[in-house]
J.: 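Take a look at the following structure, please.
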2 protein chains.
Amino acid sequence: MTAMTTRDHIVAAANQLFYRQGYEHTSFADIAGAVQISRGNFYYHFRTKDEILDAVIGARMAETQAMLDGWEAESESPADRIRSFIKILIANRTDIKRFGCPVGTLTTELAKLNHPSQAGATELFSLFRTWLSTQFRALGCEKDADRFAMHVLARSQGVATLASAFGDEKFIRREVGEMCDWLATTTAAAASIEQEKD
Amino acid sequence: MTAMTTRDHIVAAANQLFYRQGYEHTSFADIAGAVQISRGNFYYHFRTKDEILDAVIGARMAETQAMLDGWEAESESPADRIRSFIKILIANRTDIKRFGCPVGTLTTELAKLNHPSQAGATELFSLFRTWLSTQFRALGCEKDADRFAMHVLARSQGVATLASAFGDEKFIRREVGEMCDWLATTTAAAASIEQEKD
DNA sequence: CCGAAATTAGGACATACGTCCTATTTCAGA
DNA sequence: TCTGAAATAGGACGTATGTCCTAATTTCGG
């Protein structure tokens, strides 16, 4: 664990504030206040708001990649890995209930702002998408891998949005259970079809 | 069709702008410009931004209720009605690809702003939720009606979010198809279970 | 046709925010 | 210890925005 530079602190604070309050609704002063540095010092590290946003997206990319690598190392079975993904909804349920999904809400906001970093935010989705695809492919769902990946992503997004709207935690748990059921039946079916080919 | 008052024009313009640009990112000047009236005139009709938001939410509630009533009148079968709901994703695909779901994105934004009208936006979801519940109940899914309603809502939300992120229209059509399949198999199963009770 | 009420116009004002600049402090390397 | 670069502080500036006020114009019942 390397020491946290001021820049790192800024990015960490901005990351959290962008998630909780949204990008546009978060001001320089908000972030500087959270890090307890002056606005001048802030400007020394980031000259524009867009630069901070790009740094935050970069940090999230790294975090996400690390998480995916972690699951890759922890579990032997691709199905277990996919379940790890699905269960983030439960692990982060408290934040999700209040602020929704960090990725989904950011891409949505940037789309409305027509912000240049839209593509960067979408890359966060792509990171999950390709990783999930890989897992489904490892399960023998060669042809449907990307379709299944998008399906899982979409359902997770929907759960996060509605859980946030209704503040309903039971709903999260129920849908997570149903997604795991879907995973079991769908991949079992796909695997048996693959076997028929032999 | 009654004549459109200035107030109606304002609400209509605000409704569209809030959807496309987001609530916070839309200014008084934006709306006044769209309706081509002066800011002073604007202020005569709405004294604060929150008032416009409430009016917009009210208008959306009325629109939504009218749409649901329309489906109720058009279709005899509850399954057809639910399919009408699912297929809004296709009917509105162009807007959804660019701006996401009007209800989901609004509730998400208001949640981050911690805005007083959060509850009002959630009511829009509730309108769909209770209506869907009613349809599922009419299909014989007494016990699971609300669960199914939330499930359909969540999947629609997820599809809208991802379709917007990736600008993918084929994905919308595919997921709509799968949701219709789900509807057919799930309600058939539920109905047969109900029959066993007799 | 008149006068009061409703409506519209356009500017005033305070605040907040992103951006920029300069002065001061910290600190590593010579 | 000296020096120059990195880092920090705090204020300046222009613009945008929400809100408010007053004057002009339109509408419409009597």
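So that the names make sense, note that chain A is the first sequence line, chain B the second, and so on, each numbered from 1. Hydrogens, waters and symmetry mates play no part in the numbers below; they use all other heavy atoms, side chains included.
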J.: With salt bridge (Lys or Arg N to Asp or Glu O under 4.0 Å) as the rule and sequence neighbours excluded, what pairs involving residues 50-64 of chain B come up?
T.: none
J.: Which ring pair (Phe, Tyr, Trp, His ring centres under 6.0 Å) pairs, counting each pair once, include a residue from residues 87-112 of chain A, with sequence neighbours left out?
T.: A/Y19-A/F99
J.: What residue pairs, at least two apart or across chains, pass salt bridge (Lys or Arg N to Asp or Glu O under 4.0 Å) with a residue in residues 132-141 of chain B?
T.: B/R137-B/E142
J.: Just jot down the side-chain hydrogen bond (donor to acceptor under 3.5 Å, both in side chains) partners of A/Q135, sequence neighbours excluded, or say none.
T.: A/E72, A/R81
J.: Hey, what bend do you get for the helix from C/dC1-D/dG30 to C/dA30-D/dT1 if you fit axes on five pairs at each end, rounded to 10°?
T.: 0°
J.: side-chain hydrogen bond (donor to acceptor under 3.5 Å, both in side chains): which pairs involve residues 119-129 of chain A, sequence neighbours left out?
T.: A/R129-A/D146
J.: What does the B/S/- profile of nucleotides 9-24 of chain D look like, 5' to 3', with a 4.0 Å heavy-atom cutoff to protein?
T.: BBBB----SSBBB---
J.: Take the angle between the ring planes of A/Y23 and A/H115 and call it parallel below 30°, perpendicular above 60°, tilted in between.
T.: perpendicular
J.: What residue pairs, at least two apart or across chains, pass salt bridge (Lys or Arg N to Asp or Glu O under 4.0 Å) with a residue in residues 93-107 of chain A?
T.: A/R93-A/E169, A/K97-A/E169
J.: State which residues pass side-chain hydrogen bond (donor to acceptor under 3.5 Å, both in side chains) with A/S27; sequence neighbours excluded, sorted by chain then number.
T.: A/D30
J.: What residues form a side-chain contact (heavy atoms from CB on, under 4.5 Å) with B/H25, not counting sequence neighbours?
T.: A/E24, A/L113, B/Q21
J.: What range of DNA chain C does chain B touch, first nucleotide to last, counting atoms under 4.0 Å from its heavy atoms?
T.: C/dA6 to C/dA12
J.: Identify, with sequence neighbours excluded, every residue that meets side-chain contact (heavy atoms from CB on, under 4.5 Å) alongside A/A154.
T.: B/L162, B/F171
